[in-house]
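Everything numeric in this text was worked out from a predicted model, so none of it was measured. All ligand and atom numbering here is 1-based and tracks the order in the structure.
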Amino acid sequence: MEPRANFSLLHKACAVLVALCTLHISVTLLFYLRDTGNENEHARPWPGNGTLRSISNGTSTSTMTSTAVPTTKALEKCPETSPLLVGPINVDFSQPVNLSEMRQDPRVSEGGRYKPRECVSLQKVALIIPFRHRDEHLKYWLYYLHPVLQRQQLDYGVYVIEQDGEDTFNRAKLLNVGYAEALKEYNYDCFVFSDVDLIPLDDRNTYRCFDQPRHLAVSMDKFGFRLPYNQYFGGVSAMSKEQYLKINGFPNDYWGWGGEDDDIYNRLTFRGMSVSRPDGVIGRCKMIRHSRDKKNEPNPQRFDRIAHTRQTMDSDGINSLTYRVVRTEKDKLFTKITVDIGKP
Ligand SMILES: *[C@@H]1O[C@H](CO)[C@@H](O)[C@H](O)[C@H]1NC(C)=O
Ligand SMILES: [Mn+2]
């Protein structure tokens with residue numbers, strides 16, 4: 001009697017096992033079929049699933065790539081204040097600088113372009129430098145500024161805008177050209193306009209844009225580390241694309257030295273904006289000593305022009321800019337655009 005009872009028990013157990021297996025298979029099959037028909041599914045964690053789905057459903061390739069490559073995690077935004085800043089910087093114009101090491105830097109790409117690898121920059125910044133016959137100064141600028149801009153975690157490009165020929169210099173018109181040419185290359189949202197001979201003495205003076213147009217060269221050695229006057233907007237300034245367009249860019253008819261920065265100041269106040277500045281310690285900067293350039297004599301018309309900004313700003317600016325690009329040179333550390341901007 002005993003062996004027969006055992007055999008019957010075993011038979012029952014087997015039957016139950018077969019039933020459970022059948023149930024398991026059918027439930028699995030049911031879920032599998034339901035999955036292939038439903039593309040709104042949340043991502044499943046096991047690998048290979050996407051491939052399976054793409055075979056059974058030819059339209060699901062996008063789902064396949066998104067689930068099959070879990071390593072392409074998006075970079076996070078850079079912090080408001082870069083953790084790489086060091087504060088005061090040693091700047092010495094009596095020592096010649098050597099750019100050869102800087103040119104080897106694989107993080108900088110042709111034309112003086114850089115973006116941090118560790119995070120996504122908060123702003124895309126074009127640096128615009130009006131230029132003529134100042135190669136020595138440009139060397140210092142590149143040598144000191146590239147590391148600063150990199151520590152500031154900016155996505156940036158350096159544009160040297162050279163006035164062709166030997167007619168009277170026109171700084172503001174060159175700045176307008178820089179704005180227009182930089183935008184042809186990349187979707188910059190901030191523009192820093194810097195003289196070639198001004199070097200910041202503290203990397204906390206971030207070369208980026210703010211809620212209001214920014215004046216950065218607030219504390220120059222040349223002026224005893226103070227503002228020469230409250231409305232001063234010269235040397236180095238920064239404007240977002242929006243702020244720049246709001247004032248119709250810069251005047252094109254200030255030939256020779258002086259006045260164009262005051263005209264720009266007038267423009268922004270007439271459009272209801274004000275000037276944002278770093279404090280006088282962070283905003284310290286050094287100017288390379290030089291004699292006055294030929295063909296950049298003080299402009300005798302400047303006082304009259306500044307007095308009429310309100311009448312001229314809507315018709316003279318980025319909306320009336322004309323020029324001709326003579327040549328473009330891509331150096332490792334900058335893009336140089338030589339332009340014919342006419343003459344007074
Ligand atoms: C600059 O430094 C490199 C080595 O880093 C050297 O080969 C080159 O001669 C130097 N150039 C000048 C002008 O001193
Ligand atoms: Mn100067």
Side-chain angles (χ1 to χ4, degrees), residues 89-108 112 127-148 150 158-163 166-175 177-178 192-202 205 207 214-229 231-238 250-251 254-265 277 283-300 302 329 331-334 336 341:
I89 307 158
N90 259 327
V91 174
D92 183 358
F93 300 131
S94 68
Q95 297 298 315
V97 292
N98 188 335
L99 297 176
S100 70
E101 202 177 310
M102 211 171 255
R103 291 188 199 281
Q104 315 286 314
D105 190 339
R107 301 171 308 158
V108 178
L127 293 119
I128 316 287
I129 304 170
F131 183 87
R132 188 165 66 183
H133 307 318
R134 296 280 199 100
D135 292 285
E136 265 316 291
H137 294 182
L138 181 59
K139 259 177 97 171
Y140 283 111
W141 193 98
L142 297 165
Y143 180 80
Y144 285 112
L145 263 296
H146 270 291
V148 166
Q150 289 162 15
V158 178
Y159 296 86
V160 175
I161 313 299
E162 179 181 53
Q163 181 170 339
E166 299 302 327
D167 285 308
T168 307
F169 198 65
N170 186 330
R171 176 179 183 267
K173 189 167 183 180
L174 292 170
L175 297 179
V177 172
V192 172
F193 305 97
S194 175
D195 285 355
V196 69
D197 56 8
L198 279 173
I199 312 295
L201 292 173
D202 195 308
N205 190 4
Y207 276 40
R214 181 81 161 179
H215 182 226
L216 293 107
V218 302
S219 182
M220 262 189 236
D221 59 344
K222 165 174 138 168
F223 298 128
F225 293 110
R226 353 185 354 204
L227 271 181
Y229 51 98
Q231 296 78 15
Y232 182 60
F233 198 64
V236 189
S237 58
F250 303 154
Y254 280 78
W255 300 90
W257 183 90
E260 85 296 339
D261 48 358
D262 299 319
D263 190 284
I264 297 167
Y265 179 86
R277 289 194 174 103
R284 282 171 165 248
C285 57
K286 215 166 171 176
M287 202 189 91
I288 306 171
R289 300 252 160 222
H290 60 91
S291 49
R292 189 171 295 286
D293 301 283
K294 293 192 183 82
K295 287 293 182 180
N296 194 21
E297 280 73 34
N299 172 13
R302 65 188 188 282
E329 176 200 336
D331 185 278
K332 175 75 192 270
L333 300 176
F334 60 91
K336 188 197 265 182
I341 57 169

Check ligand 1 against the protein and report each N/O to N/O distance under 3.5 Å, formatted as atom name, atom name, distance.
| from | atom 1 | to | atom 2 | distance (Å) |
| --- | --- | --- | --- | --- |
| ligand 1 | 2 (O) | Asn98 | ND2 | 2.3 |
| ligand 1 | 2 (O) | Ser100 | OG | 3.2 |
| ligand 1 | 5 (O) | Ser100 | OG | 3.4 |
| ligand 1 | 11 (N) | Asn98 | ND2 | 3.1 |

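If you check the side chains of Tyr254 and Asp263, you find a donor sitting under 3.5 Å from an acceptor. When only modelled atom types and interatomic distance are considered, His290 and Asp197 share a side-chain donor-acceptor pair under 3.5 Å. Counting only N and O atoms by type, the side chains of Tyr229 and Asp262 include a donor and acceptor under 3.5 Å apart.
Closest non-hydrogen pair, Leu198 versus Ser194, comes out as O-OG, 4.3 Å.
For Asp197, the nearest N, O or S atom to the Mn ion (ligand 2) falls under 2.8 Å.
The aromatic rings of His215 and Phe233 lie tilted to each other, with the angle between the two planes from 30° to 60°.
In summary, Lys332 and Asp105 do not engage in a salt bridge, as defined by a charged side-chain N under 4.0 Å from a carboxylate O.
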